[in-house]
> 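This structure is in structure tokens; I'll ask about it shortly.
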Amino acid sequence: MTEVAASDQLLVVIDPVARWTDGESVRIAKDVLSAGAATKVCLPEGPEEFARALARRGSRRPVVVGDDRALLRTVSLLHRQRELAGCGVSLVPVGGVLSLARALGVPVGAVAAARAVLDGVERRLDLLVDESDGVVLGALRIPPVGAGGGMRGAEEVDMGGVGGVGDFGLSGSSGGSGMPGGSGGFGSFGSDASGLGGHAWLRTCQSLVRTLAARPARVASVPGPGPSRLRVEVDGVTLVDLDQPVEAVSVTPGVAGGAEVEVRPVSVGAEASPLRVVGRRVTVSGADFRYRADSVVSGPVRTRTWTVREGGWGLTLPS
């Protein structure tokens with residue numbers, strides 16, 4: 001009997017949104033991982049089950065199959081459990097929000113990403129943490145430009161508006177992904193269809209359901225950002241104060257153990273040059289403001305401090 005090393009034992013946590021959006025890629029990733037290592041597959045239905053599966057991983061290496069939000073949720077949970085130092089994370093990107101995964105260097109194809117999990121190496125990366133135990137892996141932006149109208153966190157994405165398609169009598173699914181099936185899914189209408197206009201009526205209903213299924217979940221919209229009056233301090237030194245309105249502030253970890261801070265003052269007449277510094281501790285304060293940490297919009301808050309954790313988390317990347 002061959003013993004399997006602990007490092008080759010994987011806990012594969014498949015995010016429910018990934019199963020819904022691309023069941024075929026999920027299946028491929030699961031097959032590749034299962035062929036190359038001893039795996040335990042978990043199919044959580046929500047944030048609580050997701051957290052419980054991660055907490056019960058034992059010595060298994062966690063592998064997340066999902067999008068940027070699933071990765072952020074995993075790193076956030078491990079940070080709150082104070083286990084990031086000793087537990088690396090692997091990701092197979094599946095879903096519609098993958099910009100962070102690409103920026104971090106994770107392959108986005110199911111096969112390539114799964115092979116990187118099996119054959120890659122763990123690299124220690126910097127991250128930002130705040131006083132409320134929030135984490136930033138890629139970039140922080142104030143105001144939350146590019147938030148796409150979403151004001152909810154990674155664990156609050158509402159898929160209910162799409163799932164309601166089932167009320168139309170759909171019975172099929174595609175690849176286990178939860179997507180509605182084809183015309184056969186209208187079996188519940190039976191022969192009554194012919195009495196209401198025959199195939200033309202049926203085609204109209206099919207088109208309506210496909211439209212509803214493709215429509216993204218509705219979330220609260222973000223008001224258009226305007227100039228903000230903020231005090232930005234880097235390592236205790238004030239970079240810009242409340243008397244100078246700013247258009248945007250960005251903080252990006254990964255610069256020689258520090259974070260690059262860029263402040264764009266509001267231009268009056270001639271275009272104002274952005275202010276750029278590198279530091280390890282960034283405090284932003286002022287009137288209520290919102291911020292975008294990777295793909296999650298948070299706030300409003302009146303003050304928040306982010307601190308760089310050099311090599312604070314590990315991610316498996318291609319060798």
> Enumerate the residue pairs fulfilling salt bridge (charged side-chain N to carboxylate O under 4.0 Å, His left out) with a member in residues 249-260, sequence neighbours excluded, ordered by first and then second residue.
none
> Give the intermediate values and the outcome of side chain to side chain contact (heavy atoms under 4.5 Å, CB included) for residues Thr305 and Asp130.
CA-CA 6 Å; Thr305 296; Asp130 64 40; over 6 Å; no
> Rounded to the nearest 0.5 Å, what separates atom CG in Leu242 from atom CZ in Arg231?
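If we round to the nearest 0.5 Å, Leu242:CG and Arg231:CZ are 4.5 Å apart.
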> Measure across Leu78 and Cys87 and return the closest heavy-atom pair with its distance rounded to 0.1 Å.
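Looking at all heavy atoms of both residues, the closest pair is CD1-SG, 4.1 Å.
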> Is the closest basic N to carboxylate O distance between Arg276 and Glu262 below 4.0 Å?
yes
> Does the salt bridge (charged side-chain N to carboxylate O under 4.0 Å, His left out) test come out yes or no for Asp15 and Arg19, once each step is laid out?
CA-CA 7 Å; Asp15 186 71; Arg19 302 200 303 269; over 6 Å; no
> Verify, without hydrogens or angle tests, whether Glu49 (side chain) and Glu45 (backbone) share a donor-acceptor contact under 3.5 angstrom.
yes
> Is there a salt bridge (charged side-chain N to carboxylate O under 4.0 Å, His left out) between Asp67 and Arg73? Walk through the geometry before answering.
CA-CA 10 Å; Asp67 63 3; Arg73 185 183 305 124; over 6 Å; no
> Please report the shortest heavy-atom distance between Ser295 and Val97, naming the atom on each side.
CB-CG1, 4.3 Å
> Would Arg280 and Arg309 count as a side chain to side chain contact (heavy atoms under 4.5 Å, CB included) if you check the C-alpha gap in whole Å, the side-chain angles of each, and the deciding distance to 0.1 Å?
CA-CA 8 Å; Arg280 298 183 60 87; Arg309 294 280 177 88; over 6 Å; no
> Less than 3.5 Å apart, any donor N or O on the side chain of Ser90 or Thr316 sitting next to an acceptor on the other?
yes
> Are the side chains of Leu77 and Val75 in touch, meaning some heavy atoms are under 4.5 Å apart?
no
> Please round to the nearest 0.5 Å and tell me the distance separating atom CG of Leu127 and atom CG of Leu137.
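With rounding to 0.5 Å, CG (Leu127) is 6.0 Å from CG (Leu137).
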> What are the two closest non-hydrogen atoms of Gln9 and Ser59, and how far apart are they?
OE1-OG, 4.3 Å
> Test salt bridge (charged side-chain N to carboxylate O under 4.0 Å, His left out) on Arg57 and Glu83; report intermediate values, then the result.
CA-CA 12 Å; Arg57 70 187 181 279; Glu83 295 183 358; 2.4 Å; yes
> Nearest heavy-atom pair of Val64 and Ala70: which atoms, and what distance?
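Taking every non-hydrogen atom into account, CG1-CB, 3.7 Å.
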> Please list all pairs passing the ring-ring contact (aromatic ring centres under 6.0 Å, His included) test where one or both residues lie in residues 35-82, with sequence neighbours left out.
none
> State, with a plain yes or no, whether a side-chain heavy atom of Val278 is found less than 4.5 Å away from one of Val261.
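Contact flag for Val278/Val261 side chains = no.
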> Mind running side chain to side chain contact (heavy atoms under 4.5 Å, CB included) on Arg304 and Val284 for me, showing each step along the way?
CA-CA 6 Å; Arg304 184 117 295 172; Val284 180; 5.7 Å; no
> Could you grab the distance from atom CG of Leu125 to atom CG of Leu84, nearest 0.5 Å is fine?
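Rounded to the nearest 0.5 Å, the CG-CG separation comes to 11.0 Å.
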> Under a 4.0 Å N-O cut-off, is there an ion pair linking Arg281 with Asp235?
no
> How close do Pro62 and Leu54 get, counting heavy atoms only, and between which atoms?
CB-CD1, 3.8 Å
> Is there any ring-ring contact (aromatic ring centres under 6.0 Å, His included) pair reaching into residues 276-295, and which pairs are they, with sequence neighbours excluded?
Tyr291-Trp306
> Step by step, would you call Leu100 with Leu71 a side chain to side chain contact (heavy atoms under 4.5 Å, CB included)?
CA-CA 9 Å; Leu100 176 60; Leu71 174 63; 4.3 Å; yes
